[in-house]
Amino acid sequence: MRAVSQQALGGPDVLETVEIPQPTLRQGQVLIRLAATSVNPVDCKLRAGLVGFLGEPPFTLGFDLSGAIAEVADGVTEFRTGDQVFGMVHTRTGTYSEYVTARADNLAPCPAGLDLATAAALPTAALTAWQALELAELRAGERILVHAAAGGVGHLAVQFAKLRGAHVIGTARGVNHEFLRDLGAEELIDYTTTDFTAAISDVDVALDLVGGEYGSRSLRVLSPDGRYITALQSDVGEDPRYALVTGRPSRPDLIVIGKLVEAGQVRVHIDRTMSLGEAAEAHRVSETGRVRGKLVLTPW
Ligand SMILES: NC(=O)c1ccc[n+]([C@@H]2O[C@H](COP(=O)([O-])OP(=O)(O)OC[C@H]3O[C@@H](n4cnc5c(N)ncnc54)[C@H](OP(=O)(O)O)[C@@H]3O)[C@@H](O)[C@H]2O)c1
């Protein structure tokens with residue numbers, strides 16, 4: 001089968017399509033014929049060696065997947081061959097691949113009304129956004145500030161926050177403001193022209209998807225019992241208001257999210273769809289930091 005692999009850490013050009021044996025299943029796993037995967041910024045960081053939790057190359061990148069079950073190992077009772085699923089894996093064999101192995105309990109059935117490209121755009125971004133708001137215990141009527149609101153995590157966080165009844169403020173370039181207003185954001189700050197710390201205050205929850213000095217600056221706009229949730233390292237160290245979110249696989253969360261998207265209550269914006277044969281180019285696009293919503297990859 002074909003997979004995207006890399007022999008060394010480095011720039012996008014280290015990504016190459018190779019022929020490798022189809023993976024074999026271990027207990028509790030399923031084999032999925034990939035319909036689609038999506039690019040997350042962490043893929044680029046792993047490729048370059050800026051984060052190292054996959055170990056040394058060669059490895060195959062990719063966390064998100066949708067597709068049809070091709071084989072089921074012993075111990076899996078909830079899925080059968082042919083079932084369409086979506087979900088998240090954290091393995092060295094990744095999802096940039098024709099066939100993917102995954103633990104069955106990290107997957108959810110793909111709702112009938114959800115197309116497989118949209119389903120593949122969801123797992124990491126949506127689970128991170130969803131679990132961040134859970135961690136923040138965001139309540140109706142509260143004010144939430146979402147940084148990088150137009151990105152994969154951000155545009156879903158905006159919509160999940162609206163569903164919780166929050167007042168949503170986002171940071172994004174002006175070109176993304178109409179897009180975000182359509183998704184429910186009430187206030188938008190163009191961070192290229194306006195310092196958000198001078199523009200807003202009394203924020204109950206700041207969701208930081210930028211990191212660095214956005215941390216200490218976000219603390220300055222919080223209300224006295226505000227919470228600062230970050231998906232990245234920032235300059236905030238020990239602080240009672242600080243919490244780090246790590247998007248983790250969760251079938252129950254995927255089921256709820258899938259239903260919201262199927263019902264049209266949440267929209268997934270796909271910036272563009274590319275082929276896995278264009279993985280290097282897709283990484284270049286992701287690394288511009290300008291992707292609106294998600295970048296989806298489909299097999300060769
Ligand atoms: N901890 C975790 O489990 C976890 C999970 C998912 C993601 N993350 C991290 O969270 C970050 C966001 O992920 P993502 O998937 O949403 O990324 P993404 O889709 O690549 O984000 C792209 C967006 O970032 C916006 N942006 C760039 N610089 C900005 C700035 N200074 N202020 C405001 N917006 C800015 C851009 O909007 P404009 O064009 O409007 O600038 C663009 O739409 C990444 O660093 C990622 O690694 C962590």
Side-chain angles (χ1 to χ4, degrees), residues 37-48 50-54 61-64 88-90 120-136 145-160 168-183 185 187-197 199-200 206-215 217-218 221 228-235 242-250 253 257 268-272 282-297:
T37 178
S38 77
V39 180
N40 290 292
V42 70
D43 301 354
C44 302
K45 297 173 197 171
L46 284 161
R47 184 209 72 225
L50 300 175
V51 290
F53 58 82
L54 289 185
L61 295 169
F63 291 162
D64 296 337
M88 185 188 197
V89 301
H90 281 165
L122 279 169
T124 299
L127 289 168
T128 304
W130 188 265
Q131 291 162 6
L133 302 193
E134 295 267 312
L135 190 60
L145 168 64
V146 180
H147 289 304
V153 180
H155 87 295
L156 295 167
V158 165
Q159 297 176 79
F160 296 156
V168 179
I169 307 159
T171 56
R173 286 180 304 142
V175 69
N176 284 321
H177 287 192
E178 195 181 330
F179 164 68
L180 289 164
R181 257 190 213 100
D182 277 354
L183 298 181
E187 287 179 61
L188 290 156
I189 300 164
D190 183 342
Y191 64 90
T192 65
T193 57
T194 307
D195 174 2
F196 73 86
T197 63
I200 50 164
L207 174 56
D208 187 358
L209 304 169
V210 177
E213 41 90 38
Y214 269 58
R217 292 173 66 208
S218 296
V221 302
Y228 166 73
I229 312 292
T230 182
L232 293 150
Q233 282 198 336
S234 76
D235 64 355
Y242 165 97
L244 178 71
V245 65
T246 304
R248 53 177 173 76
S250 164
D253 289 354
I257 293 163
V268 183
H269 182 82
I270 296 179
D271 184 298
R272 71 188 85 173
H283 274 212
R284 279 186 207 101
V285 173
S286 176
E287 286 176 328
T288 64
R290 293 281 179 255
V291 172
R292 180 189 278 185
K294 289 292 300 177
L295 263 181
V296 168
L297 296 173

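Counting starts at 1 for both ligands and their atoms, in listed order.
Shortest contact from atom 8 (N) of ligand 1 to any protein heavy atom: A231 CB, 4.0 Å. Of all protein heavy atoms, the one closest to atom 12 (C) of ligand 1 is L209 O, 3.6 Å. Counting protein heavy atoms only, atom 17 (O) of ligand 1 is closest to P41 CG, 3.2 Å. Distance from atom 19 (O) of ligand 1 to its nearest protein heavy atom, with residue and atom name: G152 N, 2.8 Å. Among protein heavy atoms, atom 34 (N) of ligand 1 sits closest to A148 CA, 3.1 Å. Nearest non-hydrogen protein atom to atom 31 (N) of ligand 1 is Y214 OH, 3.1 Å. At the shortest separation from atom 27 (C) of ligand 1 among protein heavy atoms lies G289 O, 3.5 Å. In terms of protein heavy-atom proximity, atom 41 (O) of ligand 1 is nearest to Y191 OH, 2.3 Å.
Contact annotation for H147 and ligand 1: no heavy atom of the residue comes within less than 4.0 Å of the ligand. Counting heavy atoms under 4.0 Å from ligand 1, residue T128 touches it through the side chain alone. Contacts between L244 and ligand 1 below 4.0 angstrom, taking non-hydrogen atoms only, are absent altogether.
Near G293, meaning under 4.0 Å from any of its heavy atoms, are these atoms of ligand 1: 19 (O). When each atom of ligand 1 is checked for a heavy atom of N176 under 4.0 Å away, the hits are 37 (O), 38 (P), 39 (O), 40 (O). Residue A172 approaches ligand 1 through these ligand atoms, each under 4.0 Å from one of its heavy atoms: 40 (O). Listed by number with element, the atoms of ligand 1 under 4.0 Å from a non-hydrogen atom of V291 are 22 (C), 23 (C), 42 (C), 43 (O). Distances below 4.0 Å separate heavy atoms of V245 from the following atoms of ligand 1: 1 (N), 2 (C), 3 (O).
For the pair V146 and A157, the tightest heavy-atom approach, listed with the atom from each and the gap, is CG1-CB, 4.3 Å. For V158 against A185, the heavy-atom pair with the smallest separation is CG1-N, 4.0 Å. The minimum heavy-atom distance linking T230 with Y242 is given by the pair CG2-CE1, 3.7 Å. Scanning both residues, L180 and A172, for their nearest heavy atoms gives CD1-CB, 3.6 Å. I229 and A136 make their closest contact through CG1-CB, 3.7 Å (heavy atoms, listed as atom of the first residue, atom of the second, distance).
Of the charged side-chain nitrogens involved, at least one lies within less than 4.0 Å of a carboxylate oxygen, so that D195 and R217 count as a salt-bridged pair.
Considering backbone and side-chain atoms together, G247 places an N or O closer than 3.5 Å to an N or O of ligand 1.
Within the 4.0 Å heavy-atom shell around ligand 1 one finds K45. Using a non-hydrogen distance threshold of 4.0 Å, S286 does not register as a contact of ligand 1.
Taken to the nearest 0.5 Å, the CD atom of E187 stands 11.5 Å off from the NE2 atom of H177. With values rounded to the nearest 0.5 angstrom, S250 atom OG is found 10.0 Å from W130 atom CH2. Atom CZ in R173 sits 12.0 Å away from atom CZ in F179 (nearest 0.5 Å).
The nearest non-hydrogen atom to atom 16 (O) of ligand 1, considering only V153, L50, V39, comes from V153.
Aromatic ring orientation, F196 versus Y214: tilted (interplanar angle from 30° to 60°).
Heavy-atom contacts from other residues, nucleotides or ligands closer than 6.0 Å to CD of E134 number more than 12.
Here the options are T124, V51, L61, the test is side chain to side chain contact (heavy atoms under 4.5 Å, CB included), and the partner is V42; only V51 passes.
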